[in-house]
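Some notes on the structure that comes next.
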Amino acid sequence: MQELINRAKELLADGTVARVLGWKAGDLPYNPEPAYFEKEEDFADFVYNGFCGANLSKYMIEASKLEGKTLVCLKPCDTYSFQELMKEHRVDRDKAYIIGVGCKGKLDIEKIKAMGIKGIKSISGAEIDDEAETLTIDTIYGEKSCAYKDAMLERCHVCKGKDHMIFDEIIGESKETKDADRFAEVEKIEAMSPEEKFAFFQKELSKCIRCNACRNVCPACSCRKCVFDSNKFDSAQKANVDSFEEKMFHIIRAFHVAGRCTDCGECSRVCPQGIPLHLFNRKFIKDINELYGEYQAGADLEPRTPLTDYRFEDAEPGIVAERG
Amino acid sequence: MQRIGVFVCHCGTNIAGTVDVKKVVEMAAHEPGVVHAEDYAYMCSEAGQEKIHKAIKEKKLTGLVVCSCSPRMHETTFRNAAEKAGLNPYMVEIANIREHCSWIHKDMEEATEKAVILMRAAVAKVNLDAPLKPGESKVTKRALVIGGGIAGIQTALDIAEAGYPVDIVEKTPSIGGRMSQLDKTFPTLDCSSCILTPKMGEVNAHPLINIYTYSEVESVAGFVGDFTVEIRKKARSVDMNKCTGCGLCQEKCPSKKSLSEFNRGLSTRSAIYTPFAQAVPNVPVIDRDACIKFKTGKCGICSKVCQAGAIDYDQKDEIITEKYGAIVVATGFDMIKLDRYDEYAYSQSKDVITSLELERIMNAAGPTGGHLERLSDGKAPKEIVFIQCVGSRCADDRGKSYCSKICCMYTAKHAMLIRDKYPDTNVTVFYIDVRTPGKNFDEFYRRAVEDYGVNYIKGQVGKVIPQPNGKLLVQGADLIDSKQILKEADMVVLAAAIEPNEGVRKIATMLTASIDTNNFLTEAHAKLRPVESPTAGIFLSGVCQGPKDIPETVSQAGAAAVKAIGLLAKDKLLTNPCTAHSDELLCNGCSQCANVCPYGAITYEDKEVNDHGIRETRRIAVVNDALCQGCGACTVTCPSGAMDLQGFSNRQILAEVDAICR
Amino acid sequence: MKTEKNRAEMIKEISGVNPLKCMKCGKCSASCPSYNEMDIKPHQFVSYVINEDIESLVNSKSLWKCLSCFACVERCPRDVKPGKLIDAARQIVVRERGNTYLDPDEIPELIDPDTPQQLLVSAFRRYRR
Amino acid sequence: MSIEKNEEFRPKIVAFCCNWCSYAGADLAGSSRMSYSADVKIIRVPCSCRVNPMFILRAFERGADGVIMCGCHPGDCHYTSGNFYARRRMTLLFSMLDYIGVENGRTRVEWVSAAEGAKFSQTMHEFVDKITSLGKNVRLEDLRCRN
């Protein structure tokens, strides 16, 4: 991480960048926040470790409007989102100096808490240059430890690969963390009976409090004014009174990002209620791959996405009934 | 709030028969925004429209809902009525309570309830309507005719007569089409080429008509008044300016084995050929699959003997791009394939032929030089059997469900000509019904029966069995005498069904003209607009629209020409105002909409925008109203709802959905 | 005794044929091998069923002359299947006459040696139902 | 045991019909007097690509029991490619609805040309029967709207 800080200071000093977008240590050891660093001394609390899961591409939309270049640290899965935003002219490539930071899989504090580890004072073993094998957690009830893998975010278990799609330079090495099939969960749900499926989503979505955190963090979901806030669609309900409204919100949100969602997993990570929102997007990705050919959003700059393209021999909608 | 007037039409008893119009009016009065509701027997009549004028003026209406027949029928009528009374014509909505309600429901109470719901949806929609003004688009004063048969020729001549330039695109090396293959024509027994060749000459000589033969339409873009068409002029390997049409090359060409399409494969032709003597243009074409020079590189005799030096082996296909205001489809027809009708032994015996093949045999320029003879042994047939409705009026998938309309007449013609020229030949016709619906048609058929003794038998033929002695045993039924007939015939002629030329489906897709399952192009209205396609600017001439004979084809060709002239005569066209529009405050500039726009009507520009005090330049989508046709694909691709369609906006459709599901 | 109406209905139901589709083209009669032995011709089966004149159809000779070779069914352009109609008529006769069905071992003596093989095949096809 | 049918279940069905093909097909079904159930109400849209998944979910939310979208046959679209986009979008929507447990018979896409009046009427018959067999839509309904 020190190498990253030195490089950032260097670029800031010689004026190639006007500011650095990275993470600042939060009040707890496991919640670093994205922050701008403009002066030398700000770097004191710059941090980049296993808990820095945030996808900084979305911040670049506003950053592109500021004066001068912005240095941004992008993990491999963030670079897909950056390319998607470039495709849609929302970020300005030459206003961004991209450092591809290494990644050994990011951690999910909810999982650590779920293991019964409470009263956390400090965590070691989560630094970027550690081996990322085990975490030793110093808590007020004594020292606890757990395997790095068990605390990893779900999205890192199905990681899309550690090579950065777009970068100016790369700092820090990465470690392969993929050990699960990306669509396993989706297939498990698809295999359920309609009643079970309905019950599963009813239970999950009834927890939704419409805090819009998923919308605010999603790089693909970056409209200037969301359809759920404008009077363009008569759908501007904020407080939901009935079970169907969350379904409507989440299905339509999944639809709007379909073909553009890079499966960066941020929506599930930030959801305060822990709803597995990535299941919606991944379902669309699975369908698109099966019906219209493998497609990874953000892997290239080709403007045609699956929902704005067609082939004469596409499958008929009736296929859904046949597939069961 | 809008001031809306609702008018419920009785349409005589069409609506009032199964919908309680009084109840609909009463329910309409309670709808939000409705200040005037009344019913009348015929809203589309002068008196009906007068009621609309009076209501608009007196009650100062800002919106109008007419519950009547389909908007595709009278939407323009009621819009004009509103305009005359000073109301913007696009503040009018139609509730279809006839085709979608009164005509298809029996129970009065059920139909009335549905009519009320449809009325509510229309009122909900008109509440959110905004006044619109149609834009204008230019008209290119040039017409394109696809197909060079009698239909295409007649249309081209009529359009050129009105002073507009016309291009004809013909797939085969010469114009003339199906008619050039006929011997005589009914009901006047004129010789077909005697009445066709002068017209072909006229077309060839006409200064305003340009003919592309051996060419096909490659692609069509744009829309009414402004079509951009790419025509592929296939390489003829003969320079059309130099060639004098002397025909020496055809004589000397050593490769003589390919089958002549013009003679329906009954005779052969050389590799370099003109389809028939009176071909226009009289310039041969090299069939590159049969030509020895192209196959092996040797030969080249034709270029040696040609004094005009017109042969050019490395001529390439040429793509010509041209702009047109109107396009007329005149692609004609062909006989269906008979390989699935093996009960008639068409593919087993050479003496079982189709009527078109008989035309060629009886034609002086045909394979047998006009002598009627059996193709198997060349003898003159003494006993000929005609079988009607082969493949027509068939509900199974082998044939066509429709009646091909022209077979009864041309079979009567064939029978009469044969009996006249060879009096000792017996002719028998097996028929289901003889259909002669035209001027002098039935008299013509009666002459065949009374003066020439053609033996008409009401009944069908079960099967035709080729006998070892070369004759054909025909097993048919005579329903009148209730006898089974076993007749030994020398020749059997099948009056096979006709179907549109293959390749018409590809052209229909290019022109976005709708086409039915039998591959006939669908007309805008079966009775009132038979020569126009629902797609504006596309006109239908000839059999591509449905089976018809030459008199009807020529009259329809003229009608299509008049419609095209009506379009070309205008300097500008009113365009559909229901186009897409992007709200600059909501647009993200993400260019998803440009990907789905079929007309390329969306462009992007950086614009200074004041979004509630934030002043910044943003990348905004801009819709070109002249190009946009209002399909709405962009409105659904736009996540933020910035792109909306005027006349069918998101809130309007949602209002209709709410009104229906309330 | 059932009325003519529901006998006609039964024939239509057994054969699954809509006789109204017939356009009287006569192709069935033209293709029928045993046309000449029949008193009511194949193309007339349809009109007898439409006019509900089942009595004469049932007592006609042609009821038993039909070989069930289904040439008429194969060639009918309107998919009216006259063969199936006469077959259904036979079913009615068999059903109305109580249950004097043939019992399998009686069959060998009943059949004389030169019965056309086609007749046996169609018999199996009918009784197999 | 007598099942007393209180008021016979009347499905509410919304049909989105494209103006050039299926709406004209519905007109032809009407003029040929080919009847189908009165529970089907037709909304005219310029092209099948105009139908937003939001409209369909809104219809269910407001208490519709079945939604059918009709358009031109692929290749016949008046706007050349509208129905291709609609086809992909609707396939994904139906797959998502099936994914969250809604009976997939509730939604349907049917390509009907302007000349296929009989097919339009036949399709509506089949769809109404299917929805009647599926019964009231409870999974996608907004309870507030039940009046």
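Quick note on labels: first sequence line is chain A, next is B, and so on, each numbered from 1.
- Looking at A:Leu279, the atoms closer than 4.5 Å to chain D (heavy atoms on both sides) sit in the backbone and in the side chain alike.
- Heavy-atom pairs under 4.5 Å with chain D peak, among A:Met192, A:Glu195, A:Glu316, at A:Glu316.
- Looking at A:Phe280, the atoms closer than 4.5 Å to chain D (heavy atoms on both sides) sit in the backbone and in the side chain alike.
- Only the backbone of A:Thr308 comes within less than 4.5 Å of a heavy atom in chain D; its side chain stays farther off.
- Ranked by non-hydrogen atom pairs under 4.5 Å with chain D, the options A:Gly318, A:Pro317, A:Ala258 are led by A:Pro317.
- Taking the six-membered ring wherever Trp is involved, the centroid distance between the rings of D:Trp20 and D:His78 falls below 6.0 Å.
- Between chain A and the residues D:Arg89, D:Met90, D:Arg108, D:Glu103, the largest count of heavy-atom pairs under 4.5 Å involves D:Arg89.
- The closest donor-acceptor contact from the side chain of A:Glu88 to the backbone of A:Arg90 lies at 3.5 Å or more, if one exists at all.
- Aromatic ring orientation, A:Phe284 versus A:Phe255: perpendicular (interplanar angle above 60°, classes split at 30° and 60°).
- Heavy-atom distances place both the backbone and the side chain of A:Tyr310 under 4.5 Å from chain D.
- When heavy atoms are compared at a cutoff of 4.5 Å, A:Ala199 does not approach chain D at all.
- Ring-plane geometry between D:Tyr36 and D:Phe120 is classed as perpendicular, the angle between the planes exceeding 60 degrees on a 0 to 90 degree scale with a lower cut at 30.
- Between D:Cys17 and D:Arg44, every side-chain heavy-atom pair lies at or beyond the 4.5 Å cut-off.
- When all heavy atoms are compared, the tightest approach of D:Met124 to D:Ala15 is CE-CB, 4.4 Å.
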